[in-house]
Amino acid sequence: MTQLTLALAQIDIAFGQPEQNYQKVADSVAEAARKKADVVVLPEMWNTGYDLEHLETLADPDGLRTQTFLSDLARHYHLTIVGGSVATAENEHFFNRSLTLDAQSHLLASYAKAHLFRLMNEEKFITAGSEANHFTLAVPASVAICYDLRFPEWFRRMASDGTQLFFLPAEWPMPRLPQFAALLTARAIENQAFVVAVNRVGQDPGNDFGGQSQVIDPFGKRLLQLDDQPQVGIVTIDLAQIAAARQQIPVFTDRRPELY
Ligand SMILES: NC(=O)CCC(=O)C(=O)O
């Protein structure tokens, strides 16, 4: 398969209201299926938002509800779901965890956010993960979550291990959206990879979120950029662009890891 049709589910997450959010995700996945998507991508922490003070009652125990829910949707609609991330409770710790399920209900990836964002007090409540994830969606793919975007080493490590398609669920506040766009473009160009970022819209008690979910190709071209409204954006990507970028400028051949 050389093309993938991606649906970016840019939703307005209800703060601390998982029931509402599971319904919003179900509606978005149904809309993505109507739009003939192969893959649906969700935003960060979509079950609870950043309602970190109430994780004791709100977080999904072992992520099991989310895994069953996404797996049922993926099977029903015959698509892959890159499940953004949800707050999970695991062995007396909370994680910001991303689950990716395919149409046969296989769990392709389970990733706990590695870099926790102090400006939103994440490190006070959430335990950091320390393992990257790798799966195949026509090409080698990986998920990173929001603030991970500021760590080029993390992306380069995944790219060096084969990743050609990055997904980045986010809750990235409005004032720093220009940085979001610049960093997404940089990660795509330097790794000669597609970057698919899905941000939320709406407000929580601390922040305004302005969406601008987007898809950048391996040359750094922005193929899709949504506005600040809830919506399911659709774009088809041509995976042959990855080899084209890597043939034109062979960065992975020319790099000198012994120097850095
Ligand atoms: N949820 C997050 O990780 C936010 C990251 C962010 O806003 C940033 O500027 O970095």
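Note that the coordinates shown come from a computational prediction; the quantities given were computed from them, not determined experimentally. First listed ligand is number 1; within each ligand, the first listed atom is number 1.
- Residue-environment remark: CD (E92) stays at or below the threshold of 12 foreign heavy atoms within 6.0 Å.
- Close contacts between ligand 1 and E171 involve ligand atoms 1 (N), 2 (C), 4 (C) [criterion: under 4.0 Å to a heavy atom].
- Closest to atom 7 (O) of ligand 1 among all protein heavy atoms lies R176 NH2, 2.7 Å.
- Only side-chain heavy atoms of R150 come within less than 4.0 Å of ligand 1; its backbone N, CA, C and O stay farther off.
- When non-hydrogen atoms are compared, ligand 1 lies under 4.0 Å from neither the backbone nor the side chain of M45.
- Shown are T5, V29, L101, D102; of these, the side-chain contact (heavy atoms from CB on, under 4.5 Å) with L79 is made only by V29.
- Taking the six-membered ring for Trp and the full ring otherwise, the centers of W172 and Y147 sit at least 6.0 Å from each other.
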Side-chain donor-acceptor contacts of residues 68-76 below 3.5 Å, not counting sequence neighbours, with atom names and distances?
residue	atom	partner	partner atom	Å
T68	OG1	L64	O	2.9
S71	OG	S105	OG	3.2
D72	OD1	R75	NH2	3.0
R75	NH1	S105	OG	2.6

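- At a 4.0 Å heavy-atom cut-off, ligand 1 touches F117 through the side chain alone.
- Looking only at atom types and distance, the side chain of Q17 has no donor-acceptor partner in the side chain of N21 under 3.5 Å away.
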Just list the side-chain donor-acceptor pairs under 3.5 Å for residues 239-252, sequence neighbours left out, or say none.
residue	atom	partner	partner atom	Å
R246	NE	Q192	O	3.1
R246	NH2	N191	O	3.0
R246	NH2	Q192	O	3.3

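- The side chain of Y50, and not its backbone, has at least one atom closer than 4.0 Å to an atom of ligand 1 (non-hydrogen atoms only; side chain from C-beta on).
- Looking at K113 against ligand 1, only its side chain comes within 4.0 Å, counting heavy atoms.
- Residue R157 qualifies as open at atom CZ: its count of foreign heavy atoms under 6.0 Å is 12 or below.
- Heavy-atom contacts of E44 reach the following atoms of ligand 1: 1 (N), 2 (C) (cutoff under 4.0 Å).
- Ligand 1 places these atoms under 4.0 Å from at least one heavy atom of P173: 7 (O).
- The environment of CD in E53 is sparse: at most 12 heavy-atom neighbours from other residues, nucleotides or ligands sit within 6.0 Å.
- The distance from ligand 1 to the heavy atoms of C146 drops below 4.0 Å at these ligand atoms: 1 (N), 2 (C), 3 (O), 4 (C), 5 (C).
- Taking any N or O of Y147, backbone or side chain, at least one lies under 3.5 Å from an N or O belonging to ligand 1.
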